[in-house]
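Just so it is clear, the values below take in all heavy atoms, side chains as well, and ignore hydrogens, waters and symmetry mates. By convention here, the first residue in the shown sequence is residue 1.
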Amino acid sequence: MSDMQTEVKKATGLSMDAIAALRMKIRGDIIQPGDPEYDTARKVYNAMIDKHPALVVRCVDVADVSSAVGFATEQHLEVAIRSGAHNGPGFGTVEGGMVIDLSRMRGIRVDPEEKTVRVEAGAIWGDIDHATYPFGLAVPGGFISTTGVGGLTLGGGVGYLARRYGLTIDNLLSVDMVLADGCFVTADKDHNEDLFWAVRGGGGNFGIVTSFLYRANPVSTVYGGPMFWSIDEAKALFPYWQDLILNSPEDFNGFFGFGMIPPAPPFPEMYHMQKMCLIVWCYTGPLEKAEEVFKPIRSFRQPAIDLAGPIPFPVLQSLNDAMYPAGYQWYWQADFFKQYDEAAINLLIERAIELPTLFSLVHVYPINGAAGKVGSTETAWSYRNANFIQDIVAVDPDPANNERMIKWAKDSWAAMHPYSLGGAYLNFKMDEGNETVKAGYGDNYTRLAQIKAKYDPNNIFHINQNILPMA
Ligand SMILES: Cc1cc2nc3c(=O)[nH]c(=O)nc-3n(C[C@H](O)[C@H](O)[C@H](O)COP(=O)(O)OP(=O)(O)OC[C@H]3O[C@@H](n4cnc5c(N)ncnc54)[C@H](O)[C@@H]3O)c2cc1C
């Protein structure tokens, strides 16, 4: 054995023979401690998470995924599944275990006749937007284009098109999966219906999805983008916006937020580093009517900065990409809301005034309209009665600010939580344990635990918002 091989064996407990046997089965990459790529391969988007897996297996096809699962089981390795690596608590990596990294599996096929899109599970949302836009189609994703298709979809998927076309899971038609025993299955409304129900919101608990089939919807150039106002206007604007969201047609959407203005173009210098309130719009109705739709909004309170207008949907979805590159520190908190009363609005503004860093944010995302029309037991996502998701996120490049910004996020969540519906969208939470997971699924948790017991009784897939198999 070379010195390097001895080091790897010591660090991972894996014999060279075992690794050699795995290499015979895997067409993708096997990356271990000591490999030149290891430090890049082990990293996830949130730099607060710093783990050292024994192996990162970058799969290129279903056979690779199945072999990787088999190897992890034989070797008693913990398994983390990674698609876009965006997960807040860093469930895309694991200390001493195996990362099954799907990022080389990014093939996409749009069927413009059927209006469907087949997407391999390592794609990011920008890949789907790029592939569907030339056909005048889009799949509801999130509010940024760098997030992975895998984690976002399996957790639910909240984005600009939620009021018009529902959550991402409401547009999911079928999944191909590798289960805990290495078997391959398809789940859709006619096959493995229980599994198909569970993966629509139940996260990565049930197996590894290798590809998703989505319904695509007619979306092309929309009327959207941000408007910013002085934070002093928030008391009047928030209830005005809330009323619009609760009473407007489904083609009208926009999330309310608070943030600091970056010291860079296109923002006028006089607003640099100011805390402001904002709405980022996405109107998918007839473009010729858009100016008329937004006229009363602009005259209710004239925006200090107005960047809304006709915009190709993929451009809207990627507006924030540059502001949030990989490698910052992230701490997430979230809640579901039915409605904000005056006290809740005032409190939210008070917390937002204390935003701790340039990159930290408070956002309130609408999930009524089409997303709210699906029944609470039709998919694993149970909070269909909520109209809003509140996201309080502390973000900064410098770990020296962590203590201060995490305290702000925790205190803000604690202040707002009593006004909420109880549980939270788990894709916007850190790793808080089983009580938070249960609260996130409400009455659907018991059925999820039963399905978990059927498909993953030994909880092989537990590096996630973990649903415990029912005993
Ligand atoms: C900057 C940023 C913006 C975001 N914006 C939105 C938004 O607009 N809307 C929204 O809904 N969410 C949003 N999120 C949250 C996001 O949905 C979650 O972080 C999600 O987990 C990211 O998915 P991923 O594939 O990139 O993550 P990964 O870290 O790769 O995966 C996260 C977990 O998902 C599961 N998983 C991933 N792929 C698979 C698979 N193929 N099979 C089985 N399990 C799998 C695994 O449990 C895995 O550990 C955002 C996150 C960030 C960091």
Less than 6.0 Å separating the ring centroids of [X] and [Y]?
X	Y	answer
Trp281	Tyr160	no
Phe388	Phe256	no
Tyr365	Phe143	yes
Trp413	Phe428	no

Hey, is the main chain of [Y] close enough, under 3.5 Å, to the side chain of [X] for a donor-acceptor pair?
X	Y	answer
Gln32	Val56	no
Ser66	Gly182	yes
Asn427	Gly151	yes
Asn464	Gly203	no
Asn466	Asn205	no
Asp64	Arg27	yes
Thr357	Val395	yes
Ser83	Ala121	yes
Asn444	Ser376	yes
Asp456	Ala180	no

[X] versus [Y]: any side-chain heavy-atom pair under 4.5 Å?
X	Y	answer
Ile389	Tyr383	no
Arg106	Glu120	no
Val79	Val94	no
Asp194	Tyr455	yes
Leu468	Lys452	no
Pro356	Asn401	no

- Query: Could Arg104 and Asp29 be called an ion pair, given the rule that one side-chain N must be under 4.0 Å from one carboxylate O?
  - Reply: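 Here Arg104 pairs with Asp29 in a salt bridge, since their nearest N and O are under 4.0 Å apart.
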- Message: Strictly below 4.0 Å, N to O, side chains only: are Arg384 and Asp170 in salt-bridge contact?
- Response: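 Yes.
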- Message: My understanding is that only one of Arg42, Lys43, Arg82 makes a salt bridge (Lys or Arg N to Asp or Glu O under 4.0 Å) with Asp101; could you say which?
- Response: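 Only match with Asp101 under salt bridge (Lys or Arg N to Asp or Glu O under 4.0 Å): Arg82.
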Whether over 12 other heavy atoms sit under 6.0 Å from [X] [atom1]:
X	atom1	value
Arg109	CZ	no
His130	NE2	no
Asp190	CG	yes

- Item | Asp431 side, atom CG; Asn87 side, atom CG - distance, nearest 0.5 Å |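 The CG atom of Asp431 sits 9.0 Å away from the CG atom of Asn87.
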- Item | Among Trp381, Tyr441, Tyr425, ring-ring contact (aromatic ring centres under 6.0 Å, His included) partner for Phe336 |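 Between Phe336 and the candidates, ring-ring contact (aromatic ring centres under 6.0 Å, His included) is satisfied uniquely by Trp381.
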- Between Phe359 and Tyr324, how do the two ring planes meet: parallel, tilted or perpendicular, split at 30° and 60°?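 If you compare the ring of Phe359 with that of Tyr324, the planes turn out perpendicular.
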